[in-house]
Structure formats: C-alpha cells, structure tokens
Engineer: 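One structure, pasted below without further comment.
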Amino acid sequence: MPFYHTLGKIPPKRHTQFRKPDGTLYAEQLFGTIGFDGMSTNSYHEQRPTQVKQIIKQYSVAPKIAKSNNIQSYRFKGFQVKPENDYLQSRSTVLINSDCAIQLAAPKQSTANYFYKNTDADELIFVHKGSGKLRTHLGNLDFKYGDYLLVPRGIIYKIDFDTQDNRLFIVESRRPIYTPKRYRNWFGQLLEHSPYCERDIRRPQELETYNESGDFLIKVKKQDEIIEMVYASHPFDVIGYDGYNYPYAFSIHDFEPITGRIHQPPPVHQTFETDAFVVCSFVPRLYDYHPLSIPAPYNHSNIDSDEVLYYVDGDFMSRNDVAAGHISLHPAGIPHGPHPGATERSIGKTKTDELAVMVDTFKPLMVTEDAMKIADEDYHTSWLE
Ligand SMILES: [Fe+2]
C-alpha cells in the first residue's frame, strides 16, 4: 500500500541495535518487493526468521486446463463449487493466464494446524459470504461481507472464519496489485476525484507476537506447487514493523460510484490496477440522467482484453438469468453487450442495486476443468433473439 504504516515497537533508527529486555538483539528483516525498488517493510522478530528445520514434501496444485485458446462466452455457476473443510483445498482455479489465476472457494474451517505463504502472487480475496479474522505476521484484519483483503506476496497468514458458510472470490496476481495511479498524486496521496481515500483503507491494528520454539508447519506456494516446510520458530513473532508493504482491507461498500449524464465507461469503476489486469467494483448507484439516456451498457468489443464479471448481489440489469455467485466470461476477440430486451428494459430506470466485481485481463484467460464442471455451455448463444 503506498502509504506508511507502523505497528508495535521499533527502534528510532533502522539497521541499528534493538535489544530485548534481556539484552539480546531482536532479529531485523527487510521485507522488500521488486528487488529493492518496490514497497518494503522493516520488521523486528523475537527469533531469526530464517530457521528452516525441514522440507517435508512438495506437490503440484497447478490447475488442469480444459480450453487454452478460448473465444466462447461462458457463464459459470460459482456457488456450485463444493464447500471443503480445508482452506487451501477449497480454492478452485476457474480461469488462469501467466499473470493471474481467478479462484472460487467455499472453505468451512479456519486454518488450524498450518500457516500459509504465497510466494508466487499477491492475493486479492473478495469476501462474498462469511466473516472472520485474517491473521498475518504483520498484524490482523477483521473481515466481513463485501471486503477486499489484499495480501502481498510473501506475507505469512492464517484465516479464521466465524461460521462454516463462506464464499470467496480470489485473484492471485503474479504482478503487484496497486491502487490506480491516476487517483494518486506524485506523493502517493489519493486525490479528490478518487472513488475512495486513505480513511477507507483498513490497516492492521492488532499484532500477535509469540516467542515460541518448536515445529511450525508452513505451506508455501511457489511455482504452482505447495511446499510443506517446518520452521523452528513461531512465524508470528514480530514485535513491531514499519514501512509500506503490509496487508490491508477495503470494503466494496466504501467505493463511491462515479456517475454521469450518459453511460460511464468501465474504468470509472476501477478499484485496483496491475500492469496485466484491472479490478473494478460495480456498486449501487444512480443511473445516467440525460433525458434520453440508456442506462444499459452499449455493445462493446473488448478486442484485446478478457472480461470476467463476478456477480455478488442485487439485480443485474443488463443480463438475463444471472444470479449471485455467477461468473460471466466475455473473451477478447468478439463483441458482447446487453441481452435481448435489456436495453429497452433499462430506459427510465433511475438507479441500480447491483454489486459485482470485474476483472479485465490483457492476456487471454484459459478455462480450467474445474470451471467446465460449473459451466453453462449454452451461454454464448444467449444473445440470439
Ligand atoms: Fe463488458
């Protein structure tokens, strides 16, 4: 996150002696990104964070691809993904390219006996159903319906759920995820025309610190494999940190929509950016107010980006037969637009209650076998009259 945060105890000067009450040194760790060029955090640990005890095993979690070159529009019924007890096993990749993986998950249980770290990707976890606490080595974040949780790569975490009824929409991004640059000034401060500001971004305020030795299982994701490792010290042993690289939460309900007299293009809904895809939030808003406006979107040919819409809640005016938890995929190369009747139906409407998350990728997405299990094979003909 491009603004400074500090939590816990830190010494007045970085890279200097910082001692425990017993006179021994805390272990300092610089947690950087993009070499030493990106955002970084300086953390202070009870024990050295380097104590690998054992590498137990590693196994592939790469999704099986059903269609690698796809030009067919699809609808996927996301709530048909079966709930699983385990958090990692519950994550089902439906669409993927070399930059990102789009996943659905219905985990029933909190991560009890292991920690998790994704070294491949930043994780953007959208909470569709459920609430709980994301616990990380850089502090905790409470979450509930409508929250985006952004976990930068390398953050060690566990996730606690309040109940067994949870639905998550996850984007794993091999490119760093940032707030849109056009909404930031040259100091990084969010500008007045930004649809959200720093006050809307929740940073960790609670730090769990354990000074414990023993066997601590960490499941590390690297190169589409899970590597199970044992560390000799508790991964949550940070006494304090400061910097720019930390997990944060942002609620879709805090996104302030930008509206106009005529139909506004999708970039007004943009919430996050990478150099390989964007994430947009479609939130309840007033419709266009030109006397002859058409609130439904015009047909459009996203010739060089795949468009993924995840439907969260409300009435999806431009689509027929779409429900919460559905995903539509409109691939690059062909135009798409409102379903028959939707344009006419939209005229005279003054507002919408729709809530949806959109991911537009610049490289084509491959469709996985897991996606085909929940696919509506006839969706691509749904524009026929
Ligand atoms: Fe579209």
Side-chain angles (χ1 to χ4, degrees), residues 70-79 95 102 126 128 146 169 180 193 195-196 252-273 277-362 365 375-385:
N70 175 57
I71 203 164
Q72 181 172 334
S73 294
Y74 276 104
R75 175 177 58 163
F76 305 107
K77 296 179 177 177
F79 283 1
L95 299 164
I102 295 172
F126 178 78
H128 191 170
F169 175 78
H193 68 289
Y196 53 87
I252 197 169
H253 305 301
D254 286 328
F255 187 91
E256 296 301 328
I258 296 168
T259 59
R261 233 161 76 93
I262 58 170
H263 193 82
Q264 297 294 296
V268 301
H269 306 282
Q270 192 183 344
T271 313
F272 299 103
E273 78 178 11
F277 66 89
V278 298
V279 177
C280 300
S281 303
F282 288 82
V283 301
R285 62 193 181 278
L286 296 177
Y287 274 142
D288 326 318
Y289 48 90
H290 186 286
L292 295 177
S293 72
I294 300 176
Y298 32 82
N299 298 302
H300 49 284
S301 198
N302 43 315
I303 194 68
D304 49 11
S305 67
D306 277 22
E307 178 196 280
V308 176
L309 255 171
Y310 180 69
Y311 301 91
V312 181
D313 207 350
D315 178 35
F316 307 108
M317 166 267 296
S318 63
R319 302 263 163 266
N320 300 336
D321 194 23
V322 158
H326 285 187
I327 293 177
S328 62
L329 168 65
H330 301 135
I334 51 170
H336 66 275
H339 276 130
T343 299
E344 294 76 7
R345 209 162 58 224
S346 76
I347 293 172
K349 295 255 172 74
T350 57
K351 63 184 175 67
T352 175
D353 294 325
E354 74 177 358
L355 200 63
V357 176
M358 185 169 81
V359 181
D360 273 11
T361 65
F362 306 144
L365 289 160
D376 171 359
E377 281 278 13
D378 297 326
Y379 176 76
H380 66 294
T381 62
S382 59
W383 286 269
L384 295 173
E385 306 227 23

Engineer: With distance as the sole test, does T381 use its side chain to make a donor-acceptor pair with the main-chain N or O of D378 at under 3.5 Å?
Structural biologist: yes
Engineer: Provide the closest heavy-atom pair for I334 versus I71 in the form atom of the first, atom of the second, distance.
Structural biologist: CD1-O, 3.3 Å
Engineer: So do the side chains of V312 and V357 get within less than 4.5 Å of each other, counting heavy atoms only?
Structural biologist: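 Contact flag for V312/V357 side chains = yes.
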Engineer: Might you confirm whether atom CD1 of I262 has over 12 heavy atoms from other residues, nucleotides or ligands at distances under 6.0 Å?
Structural biologist: no
Engineer: Taking all atoms of both residues into account, what is the closest heavy-atom pair of D360 and S305, and its distance?
Structural biologist: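 Nearest pair, atom of D360 first, then S305: OD2-OG, 4.3 Å.
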Engineer: Testing Q72, R75, H330 one by one against Y379 for a side chain to side chain donor-acceptor pair (under 3.5 Å), which residue passes?
Structural biologist: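 The option that passes is H330.
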Engineer: Between W383 and G337, is there a donor-acceptor pair closer than 3.5 Å when you use the side chain of the first and the backbone of the second?
Structural biologist: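 Indeed, once roles are kept as given, a pair shorter than 3.5 Å links the two residues.
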Engineer: Any side-chain donor paired with an acceptor under 3.5 Å for H128 and Y311?
Structural biologist: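 On atom types as modelled, these side chains do not qualify, holding no pair under 3.5 Å.
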Engineer: For F272 and Y196, take the angle between the two ring planes, folded into 0 to 90°, and tell me which bin it lands in: parallel under 30, tilted 30 to 60, perpendicular over 60.
Structural biologist: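 Ring orientation, 0 to 90° scale: tilted.
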Engineer: What's the separation between atom CG in L95 and atom OG1 in T361, rounded to the nearest 0.5 Å?
Structural biologist: 8.5 Å
Engineer: Measure the shortest side-chain to side-chain distance between Y298 and P265 over non-hydrogen atoms and say whether it is less than 4.5 angstrom.
Structural biologist: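 Y298 reaches P265 side chain to side chain.
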Engineer: Does any N or O in the side chain of S281 come within less than 3.5 Å of the main-chain N or O of T271, such that one atom is a donor and the other an acceptor?
Structural biologist: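 Not at all, since once roles are kept as given, no pair shorter than 3.5 Å links the two residues.
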Engineer: Is any side-chain heavy atom of I294 closer than 4.5 Å to one of S346?
Structural biologist: yes
Engineer: Is there a donor-acceptor pair closer than 3.5 Å between any side-chain N or O of T259 and the backbone N or O of L286?
Structural biologist: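 Answer holds: no.
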Engineer: Ignoring hydrogens and angles, tell me if any N or O in the side chain of H326 forms a donor-acceptor pair with the backbone of F76 under 3.5 Å.
Structural biologist: no
Engineer: Could you check H269, E354, E256, Q264 and say which one makes a side chain to side chain donor-acceptor pair (under 3.5 Å) with R285?
Structural biologist: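 Testing R285 for a side chain to side chain donor-acceptor pair (under 3.5 Å) against H269, E354, E256, Q264 leaves exactly one candidate, E354.
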Engineer: Hey, could you give me the CG/NZ distance between D376 and K77, rounded to the nearest 0.5 Å?
Structural biologist: 5.5 Å
Engineer: Answer yes or no: is there a donor N or O on one side and an acceptor on the other, between the side chain of H300 and the main chain of N302, under 3.5 Å?
Structural biologist: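 Absent.
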Engineer: Is there a donor-acceptor pair closer than 3.5 Å between any side-chain N or O of D306 and the backbone N or O of A332?
Structural biologist: yes
Engineer: Answer whether the closest heavy-atom distance between the side chains of R261 and P291 falls below 4.5 Å.
Structural biologist: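 They are in contact (side-chain heavy atoms under 4.5 Å apart), so the answer is yes.
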Engineer: Which atom pair, heavy atoms only, marks the closest approach of F169 to I102?
Structural biologist: CE1-CG2, 3.6 Å
Engineer: What closest approach, in Å, do F362 and V278 show between heavy atoms, and which atom pair accounts for it?
Structural biologist: CZ-CG1, 4.2 Å
Engineer: Can you see which heavy atom on F126 is nearest to which on Y310, and at what distance?
Structural biologist: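 So the two residues come closest at CD2-CE2, 4.4 Å.
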Engineer: Which heavy atom of P266 sits nearest to which heavy atom of C280, and what is that distance?
Structural biologist: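 In this case the closest contact between P266 and C280 is O-SG, 3.9 Å.
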